[in-house]
Amino acid sequence: MHSGEVDLEALSGGLDLYRTLESGQTYLWRRTDGAMYGGAPAPDEWYYTVVDGAVVRVRSRNGVLEWESSIEADPLVRRLLRLEDDLEAIVAAAPDDPLLDEAYAAHRGMRLVDDPPFGTLISFICSAQMRVDRIHGMVSALARQYGEPVAFDGATYHAFPTPERLAAATEGELRELGLGYRAPYVVRTAEMVADGEAHPAEARELEYEDAREFLKRFVGVGDKVADCVLLFSLGFDQAVPLDTWLKTAIEEHYPDCDRGSYAATSRALRERFGGEYAGYAQTYVFHHLRTRD
DNA sequence: TCCGTAAGGTATCAG
DNA sequence: CTGATACCTTACGGA
């Protein structure tokens, strides 16, 4: 058992762990009380995930981020939760905009995540026309059924399945888990990765829009899902996924950004949101619109 | 109790 | 290249 702490007061812009992990960016973390999306956890509740066979759990209390793991996980925790991001500077550099200001003010401390690419790819293929709690349920079911069990501190945790394990699943099995029409997409994409035809991480080497096109070769991946994978797992902070919430925001707040096609509209909104860190702005606006009232 | 609708869209097929 | 349509499943609100 390894453990450590990160002083959140010393972190530029702080960290709101709850909003970071329950804002619909990541479906690869779970809560020990099993109750995601139903309100903030008790201060002593842990969030956990499994990365490369190592269990990591974190909780935030008294201004400190505590972590425990089967490995020395300080660098891993900092990477997954992007603790090195200068959040204050990112917020300060954001363009002056009423909706954006409101979103940033309401959810201060929420950070982007940096999740493993394959799990993110499959998670967002599952996300099509789905509510966040159900997406999380699907991903948890995949882990429970096909993920490698890992023992840690007297309990058993499940890693997200490997491409090989998911490729060996059948469409019928995944439909049994409630994936619906996404089931064949998941199997076929897992096959592509397992066969070595392509891996989402390869998109890292490309320019942003080329990277988005590259990811669209996977079955079940269109513009929106590709942007989510780029933003939440491949370091493309300029990616602005256009989902139903953002489309509503465009209608009501940025009608001049509607350029017809996804690519052109996305480009226009990216400019409006300040370019380099437009994905941060998107994530705040998405979460703000989704959680108000 | 029963339906219509929408949920972080994508694949497929016309024109 | 753009637009229309089907698609699994579930949880709501209104009839």
Side-chain angles (χ1 to χ4, degrees), chain A residues 19-29 35-38 99 103 107 110 112-113 115 119-142 169-192 200 209 212-233 236 239-254 258-267 269-270 273 278-293:
Chain A
R19 287 192 167 92
T20 298
L21 297 182
E22 301 197 38
S23 53
Q25 312 175 53
T26 172
Y27 299 98
L28 301 176
W29 291 82
M36 297 277 279
Y37 311 108
L99 179 62
H107 308 293
M110 182 170 76
L112 286 179
V113 296
D115 273 336
T120 305
L121 179 65
I122 298 298
S123 295
F124 281 91
I125 288 173
C126 290
S127 78
Q129 290 187 293
M130 225 10 93
R131 296 167 204 277
V132 292
D133 57 337
R134 292 202 52 216
I135 301 165
H136 190 266
M138 289 181 187
V139 174
S140 299
L142 289 176
T170 65
E171 174 183 337
E173 289 170 6
L174 299 193
R175 282 180 183 270
E176 292 284 311
L177 292 182
L179 297 213
Y181 63 77
R182 305 155 196 80
Y185 300 166
V186 168
V187 175
R188 290 173 63 193
T189 287
E191 284 170 352
M192 291 173 71
E209 291 200 355
R212 194 171 65 201
E213 290 307 308
F214 175 83
L215 290 181
K216 283 165 66 177
R217 74 171 55 196
F218 293 106
V219 185
V221 178
D223 287 308
K224 188 271 176 185
V225 168
D227 266 335
C228 287
V229 176
L230 292 173
L231 181 59
F232 303 135
S233 74
F236 287 86
V240 179
L242 298 184
D243 51 67
T244 52
W245 293 96
L246 265 291
K247 284 174 182 169
T248 301
I250 289 169
E251 267 181 48
E252 295 178 0
H253 300 271
Y254 316 104
D258 185 356
R259 306 294 167 83
S261 74
Y262 183 99
T265 303
S266 168
R267 223 172 279 145
L269 193 60
R270 179 160 43 262
F273 280 174
Y280 249 103
Q282 184 276 353
T283 301
Y284 271 81
V285 168
F286 168 77
H287 188 246
H288 187 53
L289 295 177
R290 199 177 68 75
T291 55
R292 71 180 180 189
D293 347 295

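This structure is a prediction, so every number in the text was calculated from the model and none was measured. To find a chain, count down the sequence lines: A is the first, B the second, and so on, and within it residues start at 1.
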- prompt: Given the C1' atoms of dA11(C) and dT10(B), what is the spacing between them in whole Å?
  reply: 23 Å
query: Contact class for T283(A) (heavy atom, under 4.0 Å): base, sugar-phosphate, or nothing?
result: nothing
query: What is the distance from CG of L179(A) to P of dT10(B), rounded to the nearest Å?
result: 16 Å
Sub-3.5 Å pairs of nitrogen or oxygen atoms, protein against nucleotides 11-15 of chain B:
| unit_1 | atom_1 | unit_2 | atom_2 | d |
| --- | --- | --- | --- | --- |
| dA11(B) | OP1 | G220(A) | N | 2.7 |
| dA11(B) | OP1 | V221(A) | N | 3.4 |

- request: Using distance alone, with no hydrogens and no angle criterion, decide if S233(A) and D115(A) have a side-chain donor and acceptor under 3.5 Å apart.
  value: no
- prompt: How long is the line joining CG of L174(A) and P of dC8(C), in whole Å?
  reply: 14 Å
task: Just compare dA11(C), dC7(C), dT9(C) and give me whichever is closest to any side-chain atom of R131(A).
output: dA11(C)
task: Provide, to the nearest angstrom, the distance between the OH atom belonging to Y37(A) and the P atom belonging to dT10(C).
output: 18 Å
message: Against T283(A), only a single residue in R19(A), M110(A), H107(A) fulfils side-chain contact (heavy atoms from CB on, under 4.5 Å); can you say which?
response: M110(A)
- prompt: Parallel under 30°, tilted from 30 to 60°, perpendicular over 60°: which one fits the rings of F286(A) and W245(A)?
  reply: perpendicular
message: Let's test this: given Watson-Crick or G-U wobble pairing with both distances under 3.5 Å, identify the partner of dA4(C).
response: dT12(B)
- request: For DNA chain B, determine which residues of residues 224-233 of chain A have any heavy atom closer than 4.0 angstrom to one of its atoms, and list them numerically.
  value: K224(A), V225(A), C228(A)
- prompt: With a non-hydrogen cut-off below 4.0 angstrom, is Q282(A) in contact with a base, only sugar-phosphate, or nothing?
  reply: base
query: Taking N and O atoms by type only, does the side chain of R182(A) place a donor or acceptor under 3.5 Å from a partner on the base of dC7(C)?
result: no
field: I135(A) to C126(A) - nearest heavy-atom pair and separation
entry: CG1-O, 4.4 Å
task: Could you give the distance separating dG4(B) and dA6(C) at their P atoms, to the nearest angstrom?
output: 15 Å
- prompt: By salt bridge (Lys or Arg N to Asp or Glu O under 4.0 Å), which residues pair with D227(A), not counting sequence neighbours?
  reply: R212(A)
- prompt: Separation of Y181(A) atom OH from dG9(B) atom C1', in whole Å?
  reply: 6 Å
message: Between dT5(C) and dT5(B), how many Å separate the two P atoms, rounded to a whole number?
response: 15 Å
- prompt: For D243(A) and dG9(B), what is the distance between atoms CG and C1' respectively, to the nearest whole Å?
  reply: 10 Å
message: By the 4.0 Å heavy-atom rule, please label R175(A) as base, sugar-phosphate, or nothing.
response: sugar-phosphate
- request: Considering non-hydrogen atoms only, spot the tightest contact between W29(A) and M36(A) and give its length.
  value: O-CE, 3.6 Å
- request: Please measure how far the P atom in dC8(C) lies from the corresponding atom in dC2(B), and state the result in whole Å.
  value: 24 Å
- prompt: Distance from M192(A) atom CE to R217(A) atom CZ, nearest 0.5 Å?
  reply: 6.5 Å
message: Pairing donors with acceptors under 3.5 angstrom, does anything connect the side chains of Y185(A) and E171(A)?
response: no
- request: To the nearest Å, give me how far apart CZ (R259(A)) and P (dT2(C)) are.
  value: 15 Å
query: When the distance from CZ of R217(A) to P of dT10(B) is rounded to whole Å, what number comes out?
result: 17 Å
- prompt: Taking for each residue the nucleotide of DNA chain C bearing the nearest heavy atom, is the 5' side occupied by D133(A) or by G260(A)?
  reply: G260(A)
message: Categorize Q25(A) for me: base, sugar-phosphate, or nothing, with a 4.0 angstrom heavy-atom threshold over every strand shown.
response: base
query: So, for F273(A) and Y284(A), is the gap between ring centers shorter than 6.0 Å?
result: no
- line: Here the distance between atom C1' of dT5(C) and atom CD of Q129(A), to the nearest Å, is 12 Å
More than 12 heavy atoms from other groups under 6.0 Å of CZ on R188(A): no
